[in-house]
Protein chains: 2
Amino acid sequence: MKLVCLDLEGVLVPEIWINFANKTGIEELCLTTRDISDYDVLMNKRLGILEEHNLKLSDIQEVINQMEPMEGALDFIEELRSICQVIILSDTFEEFAAPLMRKLRWPTLFCNNLIIDQQDRVAGYTLRQQDGKRKAVEAFRSTGCDIFAAGDSYNDVTMIQKADHGAFFRAPENIKEEFPNYPAVKEYSELLNLVKKFIKA
Amino acid sequence: MKLVCLDLEGVLVPEIWINFANKTGIEELCLTTRDISDYDVLMNKRLGILEEHNLKLSDIQEVINQMEPMEGALDFIEELRSICQVIILSDTFEEFAAPLMRKLRWPTLFCNNLIIDQQDRVAGYTLRQQDGKRKAVEAFRSTGCDIFAAGDSYNDVTMIQKADHGAFFRAPENIKEEFPNYPAVKEYSELLNLVKKFIKA
């Protein structure tokens, strides 16, 4: 069985935190692991900012619902799902991604979860597991699947390396230079062609 | 992350071989493992019958395309996909299931594959792995998912037992009697309620 594992943000939808910061005008939410290297510290900072601005999950989802998948992403994934199996592997949170997943017609998504309290506030988060993309690819391979993985950034490298085949999609130059053994494409039509070759192989 | 693993035939779509036999009038294709206990012998018998009748994959898919998901199945799975992740685990073949999966809007499906030759004939088949449903549930659990599994027959028992929670859906009386510890429901609304409890737990 042929399975394609795709990153979400930067491949099918825009970066959710950055767009959320832009749409709400809360600049502090633009902080990334480049600014605060400890992910747990960064996430708790972000959740503190949400609380400061009294943003509940429903408010957040309303803002995210104003975002759209990247141009051509829906057609791409619809065609992909008609020719092979697809699972999205992401470090985002299911509750944040939901409005965008609906617009992509609910492809299966393996990611993390927020802890929502009785008042609909974001009280915390849980990671599915450490290094979740790589471990998911390993688990899917253990079920007898051949896997093609594609993503755009450093957190996709180990899943691409563990897959049977892989590619970078709209990755920055430094990543492409560091991992020259993988094809790097910019258009969905190119990515689809790589997957079609993988399916036939 | 909450993941629901569902059997396909008998839960979302009718039994494919039996319906295919009825629609084509080829009675021999009604043979099941009750008649020929060795699955490999049975499958090779079926493939021989397809060849005898000169049925190519496109002919087979055309017949299967005349089948419909079970009444209420599409609404059920659409609602399910909006509240949690879903993967269908089936012993069928991806190539047979495709027309019905399209009608269910392409939920992710882990199953087996046919070997199709250059002339579009079914030349053989490959199993993803032995005891594929159980092993898939074990693999998904290893990625940090909580799993609810549901099916209607004996080949669903091990996946239901390996899942965190499970239920039978429209299962025959003997199965319900043999495994009385699992809820057994008949309506999609009941199954949805069990899943909603599982998600909240």
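All chains are named by letter (A, B, ...) in the order of the sequence lines, taking the proteins before the strands, and each is independently numbered beginning at 1.
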Q: Is A/E51 atom CD crowded by more than 12 heavy atoms from other residues, nucleotides or ligands, each under 6.0 Å away?
A: no

Q: By number, which residues in residues 61-94 of chain A have some heavy atom less than 4.5 Å away from chain B?
A: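 Residues in range: A/R81, A/S82, A/C84, A/Q85, A/V86, A/I87, A/E94.
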
Q: Only heavy atoms, only distances under 4.5 angstrom. Which residues in residues 120-149 of chain A are near chain B?
A: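 The list, in residue order, reads A/R128, A/Q129, A/K135, A/A136, A/A139, A/F140, A/S142, A/T143, A/G144, A/C145.
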
Q: Can you tell me if B/K176 has over 12 outside heavy atoms packed within less than 6.0 Å of its NZ?
A: yes

Q: Only heavy atoms, only distances under 4.5 angstrom. Which residues in residues 101-115 of chain A are near chain B?
A: A/R102, A/R105, A/W106, A/P107, A/T108, A/L109, A/F110, A/C111, A/N113

Q: Non-hydrogen contacts under 4.5 angstrom with chain B: give the residues of residues 1-11 of chain A involved, or none if there are none.
A: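 The stretch touches chain B at A/M1, A/L3.
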
Q: For the CD atom on A/E27, are there more than 12 heavy atoms of other groups (residues, nucleotides or ligands in this structure) within a distance under 6.0 Å?
A: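 Open: at most 12 neighbouring heavy atoms sit under 6.0 Å from CD of A/E27.
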
